[in-house]
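Order of the sequence lines fixes the chain letters, A, B, ..., with proteins taken first and strands second; residue numbering starts at 1 for each chain.
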Amino acid sequence: MLPKTYDPKTAEDRIYRMWEESCAFVADVKSAKEPFTISLPPPNATGQLHVGNAMMIALEDVFIRFQRMRGKEALWVPGTDHAAIATESFVIRKLQKEQKMRDPRKELGREKLLKGIHAFVENSKKTIRGQIRKMGASCDWSREHYTMEPALNRIVVEVFVKMYRDGLIYRGNRIVNWDPALQTTVSDDEIIYEERKEPFYTFKYGPFEISTSRPETKFGDKYVVMHPDDMRYAKYTHGEKMTVEWINGPVETTVIKDKAVDPEFGTGVMTITPWHDHADFEIAERHKLDKEQIIGFDGKLLPIAGEFSGLTLKDARPKIVEKLKAKGLLVGVKEDYLHNVALSQRGKGMIEPQIKEQWFIDVNKRVVKWKRRELSLKEVMQEVVQTGLIKIIPNRFEKTYFHWIDNLRDWCISRQIWWGHRIPVWYRNAAGASDIHVGVQPPKGTAWEQDSDTLDTWFSSALWTWSTLVDRSLAGDFDLTLEDILLKSPDFLKFHPTDVLETGYDILFFWVARMILMTTYVTGAMPELEYGQAPFDVVYLHGLIRDREGRKMSKTHPETNIDPIDVIGKYGADALRLAMIVGQSPGNDFRLYEEKIAGYRNFVNKLWNASRFVLMKCEEEKKDPSKIASLPPVNELTLADRALLHALQALIHDVASGLQQYRLSEVGERLYAFVWDYFCDWYLELSKGTVNLDVLVHALRTIIKLLHPYCPFVTEELWASLKPADAGMLIREQWPTITSELQDQQSFDQLLTLINVITAIRKLRSEQRIAPGKQLTVTIFSKEHAQLLDSQSGHIRRLAKVGSLTIAAHPQELKSTVAVILAGAEVHLSLAGLINKDAELKKLAKEGDELRRYISGIEAKLRDRSFTDKAPPKVVEAERRKLEETSAKLKTICERIRSLA
RNA sequence: GGGCAAUUAGCUCAGCUGGUUAGAGCGUGCGACUCACAUUCGCAAGGUCACUGGUUCGAGUCCAGUAUUGCCCACCA
């Protein structure tokens, strides 16, 4: 016998082990079944799974389990990401804290530090694997991958070289976002802006006045820029040179006219610092101006700053302002000037733009082959979404996506960190000439030195949907080309493109867009792949998880922060999964808090107890549930059974069609309501009278199958007790199908009637409108109803708490009875005068008032010619019917009031 | 500055292509030791669907504007 409450703790690990040991998650590449593939967005191998990861696992597992049961060859590829900068900075901070190292990079050197990070990552991977399992994820562990494994490294390098040869990757001096704290560049997308109030200074600069919030960068300013149409400065000509007194003495400056200057802002004149400002850099590029470095990569001023050389920016600023003031060049200071400062998303340190030699991907060059045409990367990315090859859910993000592409600049892919895929480029200075080698393998010969930079972590993630499907044994064979490797990999041929990419909308640009970029680029040149594949058909974007107050989940608010693993320990994985799926809608943020999870824990327990009840019944009747194989003939079933089977058909339909449209939340609610309100509250209640165990077991099995994608553990556990003898595990069961013979709307309506009768009795009782212990007579018009009620009389008697219950097939003494007309059915309850008169009258009067108000509303509507003439006849007819029904109801109520009074 | 979204019960949210008296969960109040389940069961209260106009026979739903909130992108020296 099952225990009274379901205990997920003992069951979940055992069930997961059973699935895994029996290879239930392993996809068969040789199968003839249609494939269904998802690549798990690889969590960062930096320690722990967070709620966002848990959410995506829950959603994806629903897709996968559903499709697997529907008969697809479902493959879910798990893995982890090396998360270059995140991991490296995490480990460095850790070393600083735990081992009191000042600068771990210097103290350990490249190799030792990498070894340390590697050990840390291996450990994290272990943790994360365990945590993904805790969620119940049915991913194929035999195909687990890691972005830095040798096979993937080979692919990364191949793609780099291919792009280099196509002229899409180039090396150039460009202004980049430099993070002095982490000593690396970061991409535009890795910057956050923070509003700050800082003083805003205005200085005298020759005949001009210029304003700045960063005087410490102004040493090298030797260009003064204004708008060409600004009449105030019309007397100065473009290219005019003059000498002005500046911080460290006189400097020669040149007048530049450029439309980038806003005449309305400040004095309409500015000086530029091209080395340390994006906008200034662009102006300088346009006019081919000199650029000078002012700030070192360590964040300190360079010798150009003269006496201020070596100072940090923070220390230098007041001193410089002081000096300018002393020289009489300070015109004014506006305190509390509000502006945005760029901060590193990772370390939260200031970003100092710098000019550096970096590797870039050209997004505008039209050399990308796609469907037999040559386009730019930008154009391909736009096309696949525009033509509907890729569909984004919710579709409003397609707009965001296009907007992002429109503004996309060349992608800086090199990073000055050590943890990551090393750039496959070698340099050599021999005989005064410098050589460069770009290749999959290191060059032969001596004196070659590899580029010390590594690749942006998103470069390798961008290949994820297919780099994980490559046959590992081929990756070591350097006679093969990238195309050969792909075409010889059975997994790739069978399972790519993937079906759904499910992730948070916050990494649409970081990752999703870049996967599209890389995959279309690589496959577009391959005739065998019809000149181009997208990495996936559908992008499902979930929202961010927030706490009860709407804040982002974070450890800084431990009282509301939810750690998925803690929650699973407390409420079970099924409850967590349900809580994260139901109520969640794509693209919208979602609040998660403990009560929600507790609510679904209760639901899981409800399902558990419903099953327990069924099993108890089986035991009572000495019936072995495993021997129940099929339904008895329909014509032998009772009304209630037929109604239940009908309702199940509708449920099967709704669940399948909802899931195919990715409406997970709605389907979850539908299942929740069905199990709780219909199956438990009504059908099982009715079954307490007479039971057809075959139907009961069949219905429960169906429900359990439908619920399995949402809460796999409890359903698998229950399945073990309920399944037919020859059936295997639930995870591999077939999805229920709709049988038209079982559709029986009439029975369903009649059962509703019965339910209404019972509701009415309950209500009467709870409102104390009938006295307990008295006789209750139910009179009904239809023979079928009478039979039905008769079979339930014991149950109703209990509900109504009456001493006896009489059921008659014909109305008797209608005059002296108080009848309740129940919606759409001719069933009356006769209370044989044993009611609490005052309570009843009050109730009836209220009901009557409501109905009268409602009726007059409909009447007014029907009198309105514009309605009756213009509305569709169907609608008008419906209103008429409504009026008739309601009037009849009101009439009965009036009669009852009369008979009472 | 450009863009996207949200605004429905005390709280968290559903409400698909405009059509019965706008729903759920939680919370609240009242009642119940009903033999699967107190992680339960029954009942009730609570909403001029942010505001103002418009389209329509009919608007929570479509359109325009306003307000508030949130997010994304760009960025001004």
### Query
Which of these passes side chain to side chain contact (heavy atoms under 4.5 Å, CB included) with A:Thr273: A:Asp280, A:Ile295, A:Thr212?
A:Asp280
### Message
Quick check on A:Lys291: does its NZ atom have over 12 non-hydrogen neighbours (other residues, nucleotides or ligands) under 6.0 Å away?
### Response
yes
All N/O contacts under 3.5 Å from nucleotides 55-59 of chain B to the protein, with atom names and distances to one decimal?
residue	atom	partner	partner atom	Å
B:rC57	OP1	A:Lys870	NZ	3.1
B:rC57	O4'	A:Ser866	O	2.9

### Task
Assess whether one donor atom and one acceptor atom, taken from the side chain of A:Lys606 and the base of B:rC37, lie less than 3.5 Å apart.
yes
### Query
Mind checking the C1' distance from B:rC49 to B:rA9? Whole angstroms is fine.
10 Å
### Task
Output all residues satisfying salt bridge (Lys or Arg N to Asp or Glu O under 4.0 Å) with A:Glu398, sequence neighbours left out; order by chain, then residue number.
none
### C1' gap between B:rC26 and B:rU17, integer Å
32 Å
### Task
Using both pair distances under 3.5 Å as the test, note the stems of at least 3 consecutive Watson-Crick or G-U pairs that include RNA chain B.
B:1-7 with B:67-73, B:10-13 with B:23-26, B:28-32 with B:40-44, B:50-54 with B:62-66
### Task
Write down the distance separating the P atoms in B:rU40 and B:rG65, rounded off to the nearest Å.
49 Å
## Note on the structure
The answer to which of A:Ser611 and A:Thr5 contacts RNA chain B further toward the 5' end, by nearest nucleotide, is A:Ser611
### Task
Calculate the interatomic distance between A:Trp608 atom CH2 and B:rA36 atom C1'; express it in whole Å.
12 Å
### Query
If you measure from the P atom in B:rG46 to the same atom in B:rA5, how many Å do you get, rounded?
36 Å
### Query
Going by heavy atoms in the side chains, are A:Ile351 and A:Leu343 under 4.5 Å from each other?
no
### Query
Hey, does the side chain of A:Tyr205 reach the backbone of A:Asp221 with a donor-acceptor pair shorter than 3.5 angstrom?
yes
### Task
Return the value, rounded to whole Å, for the distance between atom CG of A:Leu592 and atom P of B:rC26.
16 Å
### Query
Any cation-pi pair here, A:Arg548 with A:Tyr593, using under 6.0 Å and within 45°?
yes
### Query
When you check every protein heavy atom under 4.0 Å of nucleotides 72-77 of chain B, what one-letter string (B, S, -) results, 5' to 3'?
SSBBBB
### Task
Applying salt bridge (Lys or Arg N to Asp or Glu O under 4.0 Å), name anything that partners A:Arg881, two or more places apart in sequence or on another chain.
none
### Listed nucleotide nearest any side-chain atom of A:Arg612, set B:rC4, B:rA36, B:rU21
B:rA36
### Query
What integer distance in Å separates A:Leu851:CG from B:rU21:P?
13 Å
### Task
Sticking with atom C1', work out how far B:rU7 lies from B:rU61, rounded to a whole angstrom.
15 Å
### Integer-rounded Å distance: B:rC37 C1' and A:Leu607 CG
12 Å
### Main-chain N/O of A:Arg612 paired with A:Asn609 side-chain donor or acceptor, under 3.5 Å
no
Please produce a list of atom pairs where a protein N or O lies less than 3.5 Å from an N or O of nucleotides 10-14 of chain B.
residue	atom	partner	partner atom	Å
B:rU12	OP1	A:Arg591	NH1	3.2
B:rU12	O4'	A:Tyr593	OH	3.3
B:rU12	O2'	A:Lys596	NZ	3.3
B:rA14	OP1	A:Ser585	OG	3.3

### Task
May I have the distance from A:Glu877 (atom CD) to B:rU20 (atom P), rounded to whole angstrom?
16 Å
### Task
With ring pair (Phe, Tyr, Trp, His ring centres under 6.0 Å) as the test, would you mind laying out the steps for A:Tyr505 and A:Phe397 before giving the verdict?
CA-CA 8 Å; A:Tyr505 65 76; A:Phe397 277 97; 5.5 Å; yes
### Message
Could you tell me how far B:rC4 sits from B:rC13 if I compare only their P atoms? Round to whole Å.
### Response
23 Å
### Query
Taking side chain as C-beta onward, heavy atoms only, is A:Thr217 less than 4.5 Å from A:Asp277?
no
### Message
Less than 6.0 angstrom separating the ring centers of A:Trp275 and A:Phe281, yes or no?
### Response
no
#### Entry: Nearest-Å distance for atom pair CH2/P, residues A:Trp676 and B:rA36
17 Å
## Note on the structure
A:Lys570 atom NZ is separated from B:rU39 atom C1', nearest whole Å, by 13 Å
### Query
Looking across every strand, which nucleic acid part, if any, lies under 4.0 Å from A:Arg601 by heavy atom: base, sugar-phosphate, or nothing?
base
### Task
Return yes if some donor-acceptor pair links the side-chain N/O of A:Tyr672 with the main-chain N/O of A:Val667 below 3.5 Å, else return no.
no
### Task
Could you tell me whether the phosphate oxygens of B:rG19, OP1 or OP2, come under 4.0 Å of any side-chain nitrogen or oxygen in A:Lys882?
no
### Query
Do A:Asp547 side-chain atoms and A:Thr560 backbone N/O form a donor-acceptor pair below 3.5 Å?
no
### Task
Mind checking A:Ala610 for me? I need base, sugar-phosphate or nothing, with any heavy atom below 4.0 Å counting as a touch.
base
### Task
Take atom CZ of A:Phe613 and atom C1' of B:rC35, then tell me their distance rounded to the nearest Å.
10 Å
### Query
Should the ring pair A:Tyr600 and A:Phe603 be called parallel, tilted or perpendicular, given that the plane angle runs from 0 to 90° and is split at 30 and 60?
perpendicular
### Query
Does any donor atom in the side chain of A:Asn177 or A:His278 lie under 3.5 Å from an acceptor atom in the other side chain?
yes
### Message
Please compare A:Tyr854 and A:Lys399 by the position of their nearest nucleotide in RNA chain B and report the one closer to 5'.
### Response
A:Lys399
